[in-house]
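Structure first, then comments.
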Amino acid sequence: MTNNKTLCPYCGVGCGLEVSPPAQAGRETNRDSQGNPMWKVQGDRTHPSSQGKVCVKGATVTEAIAKDRLLHPMVRNSLDEPFQRVSWDEALNLVVGRIQAVCKSPGADAISFYGSGQFCTEDYYVAAKLLKGFLGTNNFDTNSRLCMSSAVSGYVQSLGSDGPPCCYEDLELTDCAFLIGTNTADCHPIVFNRLRQHHKKNRDVKLIVVDPRTTSTAQAADLHLPIRPGTDIDLLNGIAHLLLRWGYFDSGFIDECTNNFPAFADVIKHYPPDVVAGRCGISVNDLETAAKIWGKSSRVLSMWSMGVNQSSEGTAKVQTLINLHLMTGQIGKPGAGPFSLTGQPNAMGGREVGALTSLLPGYRFVTNPAHCAEVEEFWGLSAGRISPTPGRNALEMIRDLENSAVKFLWIAATNPAVSLPDLERTKAALRRSPFTVYQEAYYPTETAAYAHVLLPATQWSEKTGTMTNSERRITLCNGFRFPQGEARDDWAIFAEVGRRLGFVEQFTYANSAEVFAEYVQLTRDRLCDQTGISHNRLKTEGPLQWPCSESGNLKPGEPARLYTDLKFPTPDKRAIFAAYHSRGLAEPPDQQYPYVLTTGRLYGHWHTQTRTGRIDKIRKMHPQPFIEIHPRDAKKLGIQDQDWVEVRSRRGYARFLATVTQAISPGTVFVPMHWGELWADHAEANALTHPEACPDSQQPELKACAVQLAPVKPEIVSSEVLYKATEFKELTNIQSS
Ligand SMILES: Nc1nc2c(c(=O)[nH]1)N[C@H]1C(S)=C(S)[C@@H](COP(=O)(O)OP(=O)(O)OC[C@H]3O[C@@H](n4cnc5c(=O)[nH]c(N)nc54)[C@H](O)[C@@H]3O)O[C@H]1N2
Ligand SMILES: Nc1nc2c(c(=O)[nH]1)N[C@H]1C(S)=C(S)[C@@H](COP(=O)(O)OP(=O)(O)OC[C@H]3O[C@@H](n4cnc5c(=O)[nH]c(N)nc54)[C@H](O)[C@@H]3O)O[C@H]1N2
Ligand code: SF4
Ligand SMILES: [Mo]
């Protein structure tokens, strides 16, 4: 394996890429549309997850990596002042001095760190060691709070541990793929591609899609259930009701491998088909068809993502889906299982490393004294140094900025001024922060406007580290370009801060391979055992799935599944049925706000567009934000296709061009999440959303809020939504030197 193999830095599918330099002897130079030389990308055929395939995002990624980069450390005293370029030494002195002062008074609890599923495992690890270990605060959260935390909490509560048990080979072995709350075709394209091939080749293989919108995923389905937003638990309990009634359950598995079935059976009694169909807004016939397909299939693979997780009952939704697998014994065997599709490229790695407020490395919990003791010993800390209480999560961070409990905010590799809910409130809270460090690869991004210190980070292509994809496969992302400007690797910045705080020995690493080697020791004998993996092994043998212990004999490319012995990591080795009734949406529509707004993604764009907004091909694909409205609602409101519409919620407003389409259910509207302040005027999905969250996972309900709609006169909005990077530069007052 040569060192031009890497991983796509976008979604959790984790496709292998091969990159070749812009100018190669005897070959024509690759250029982007502006004529700049560009690294060429192709799929890595040897990568077991993607087998040479890539989608448009992976294929165009190199077009954005050198544009609008943050090149030097910058500081300013207040948000109204311009940034001044400083040396790394000055910037780090300032940061370290501030941490020391805050730790002295009022104490480390006033520090909040907010990171990202786009970190490499090594970045997370050093940050977690610094914050949770050496600073003694669990106020370390990541944007996975908005993304995967319900999946984590659902897996933990139903199966005893986090960790998707399936692998991609199951896509080609299943009889029934049950896709719920996932637009896989647009958001996990290469997973969908593999599934679709299998589905097309085998007429008996069934594809069921549960989504209020007729997405491109739903269009490929044998059965599409366009349920009302927030009625997933009704649907899943309704399917369980029929499976029980018709005798499609595995009593052996239920008896031998699970607990709590009676409580679950008690709940599903209350979900007869007519009640469920009415609540979900689907026909009894379709509900029965879904249950029949599930019941008759010998291998059922369910997949889900944000339509399930981003909900005020996200954990309950995940567990209710897992219930169906437990009831029918559809887990721990090829082609079957509850498969959470991870959003970001390394959200999985974050979970393994403990990058949520309640976690520690190796799937450990801060609330478990034995876990704390193990990690303390490994890091050479005194007993009790790690706090036994979960720290401040993303939403609590906003709350505590409001009440001035946060004195030092450190944000890295995420753009909360676009991606957090209830943006007006979020921005006001960020504005109150007495000291914010923002560690980014690009400039400008919306969040830079709220920073006192900007630290330039290297990004994919410039740094070497590992990432774990949805099927628990770890790939080495090789750095293949020189860093831009003075940018440094995230892990190296955290380590440098650690050394400057006096922990020289504990934070001295020659390279990221050393960081990884240290980290894997904390996975020894844990479910996510990675002690058999090293940068060197990944380099020579290619990507590896965990579990992969030192003594393990798994060969590269050989599929690994969890729970094939039907033993689960709970105290009595049994999985647990959850018994949940549906609670519905946190903010249901009413007379004043009669529509449900749902938000999500488009095929070409990635989140807040820091990369994809700078790629011509993708901007042409999705030139502007829009709102999908059903023709019936449009007619009632006097809105025609391409009219401007103002959308208001209790928290804010935004304006979009209408796309009048049957692809959305009546009563529901959809807007994409990708347009922040930098890319369009008043088109932020999160200006509208609310921060109500799941009580178990604390994941906010980004998928539903109540809104009202009204047509607006075209003269009050600009006819074209503009790319405003230059203006934004002035807005945030950067001074280039
Ligand atoms: N192109 C692209 N791909 C991406 C990303 C990207 O930004 N762009 N981001 C990555 C990340 S981090 C993530 S988390 C994933 C997200 O991947 P997905 O979860 O597939 O994407 P979303 O569009 O956020 O939401 C999925 C679907 O949930 C549906 N939905 C809304 N409410 C409900 C409900 O109540 N019940 C059900 N069953 N469905 C509902 C929406 O209509 C939508 O089609 O994508 C990853 N891949
Ligand atoms: N309404 C609504 N809101 C949502 C969602 C939704 O469906 N609807 N989805 C939520 C979900 S699932 C997610 S995951 C979030 C995503 O939201 P964000 O995390 O805010 O989105 P990104 O644009 O991916 O931001 C990542 C940032 O990291 C920077 N970056 C890239 N690589 C590196 C690196 O190596 N180091 C450093 N330091 N920086 C780097 C990028 O330039 C970019 O600015 O949005 C959430 N918000
Ligand atoms: S499917 Fe995901 S990982 Fe694969 S190329 Fe597309 S964005 Fe990258
Ligand atoms: Mo995500």
Side-chain angles (χ1 to χ4, degrees), residues 7-17 41 43-44 47 49-50 53-61 116-118 142-149 151 179-194 209-218 225-233 235-236 280 303-314 317 321 340-347 414 419 467 469-470 475 584-585 596-609 611-612 618 621-622 628 663-665 668 670 672-674 685 699 701-704:
L7 184 81
C8 173
Y10 289 116
C11 86
V13 174
C15 298
L17 302 183
V41 181
D44 173 3
H47 197 290
S49 299
S50 53
K53 298 184 191 80
V54 282
C55 79
V56 69
K57 291 182 291 304
T60 55
V61 59
S116 166
Q118 291 163 70
T142 57
N143 58 3
S144 290
R145 181 69 56 195
L146 314 176
C147 183
M148 303 314 298
S149 62
L179 274 47
I180 178 164
T182 165
N183 181 6
T184 327
D186 288 346
C187 297
H188 295 97
I190 302 309
V191 157
F192 192 72
N193 191 297
R194 285 182 69 167
V209 173
V210 185
D211 193 309
R213 299 163 52 219
T214 310
T215 57
S216 34
T217 313
L225 302 173
I227 61 165
R228 287 199 185 95
T231 59
D232 302 75
I233 292 183
L235 176 80
L236 296 166
C280 296
M303 277 170 268
W304 79 90
S305 40
M306 293 311 116
V308 168
N309 290 347
Q310 287 174 342
S311 156
S312 57
E313 46 182 0
K317 282 194 191 183
L321 176 60
S340 141
L341 296 175
T342 325
Q344 298 173 89
N346 197 30
T414 178
S419 54
M467 294 201 177
N469 72 6
S470 293
T475 302
L585 299 176
V596 177
L597 170 82
T598 189
T599 66
R601 292 158 169 79
L602 305 177
Y603 171 60
H605 272 309
W606 178 260
H607 296 161
T608 72
Q609 301 197 41
R611 289 193 189 110
T612 52
I618 291 177
M621 209 173 210
H622 308 295
E628 286 182 356
I664 187 114
S665 311
T668 303
F670 167 83
M673 64 166 289
H674 304 293
Q699 179 160 355
E701 188 156 85
L702 294 162
K703 281 287 173 273

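Source: prediction; values computed, not measured. In listed order, ligands and their atoms are each counted from 1.
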Taking 2.8 Å as the cut-off, does an N/O/S atom of C11 lie below it from atom 8 (Fe) of ligand 3? no
To check you understand the geometry: which heavy-atom pair defines the closest contact between R611 and Y10, and what is its length? CB-OH, 3.4 Å
Applying a 4.0 Å heavy-atom criterion (strictly less than), which segment of N183 is in contact with ligand 1: side chain, backbone, both, or neither? both
Side chain, backbone, both or neither: Y10 near ligand 1, heavy atoms under 4.0 Å: neither
Within 45° of the ring axis of F670 and under 6.0 Å from its six-membered ring centre, is that where the NZ or CZ of K703 lies? no
Working to the nearest 0.5 angstrom, can you tell me the gap between D211 CG and T598 OG1? 8.0 Å
Considering only non-hydrogen protein atoms, determine which one is nearest to atom 32 (N) of ligand 1 and report residue, atom name and distance to 0.1 Å. T598 OG1, 3.6 Å
Using a 4.0 Å heavy-atom cut-off, say whether S305 meets ligand 1 through its side chain, its backbone, both or neither. both
S50 touching ligand 3 at heavy-atom level, < 4.0 angstrom: no
among protein heavy atoms, the one nearest atom 8 (Fe) of ligand 3 is C8 SG, 2.3 Å
Once you restrict to heavy atoms under 4.0 Å, what part of T217 touches ligand 1? Side chain, backbone, both or neither. neither
Which residue and atom name correspond to the protein heavy atom nearest atom 3 (S) of ligand 3, and how close is it? C15 N, 3.4 Å
Near Y10, which atoms of ligand 3 are under 4.0 Å from a heavy atom of that residue? 7 (S)
Tell me which part of E701 gets within contact of ligand 1: side chain, backbone, both or neither, using heavy atoms under 4.0 Å. neither
Could you see which bit of M673 sits under 4.0 Å from ligand 1, with heavy atoms only: side chain, backbone, both or neither? neither
Ligand 1 to G230, heavy atom cutoff 4.0 Å, flagged ligand atoms 34 (C), 35 (O)
Have a look at ligand 1 and work out which part of T342, if any, has a heavy atom under 4.0 Å from it: side chain, backbone, both or neither. neither
Is it true that some N/O/S atom of C55, main chain or side chain, lies under 2.8 Å from atom 6 (Fe) of ligand 3? yes
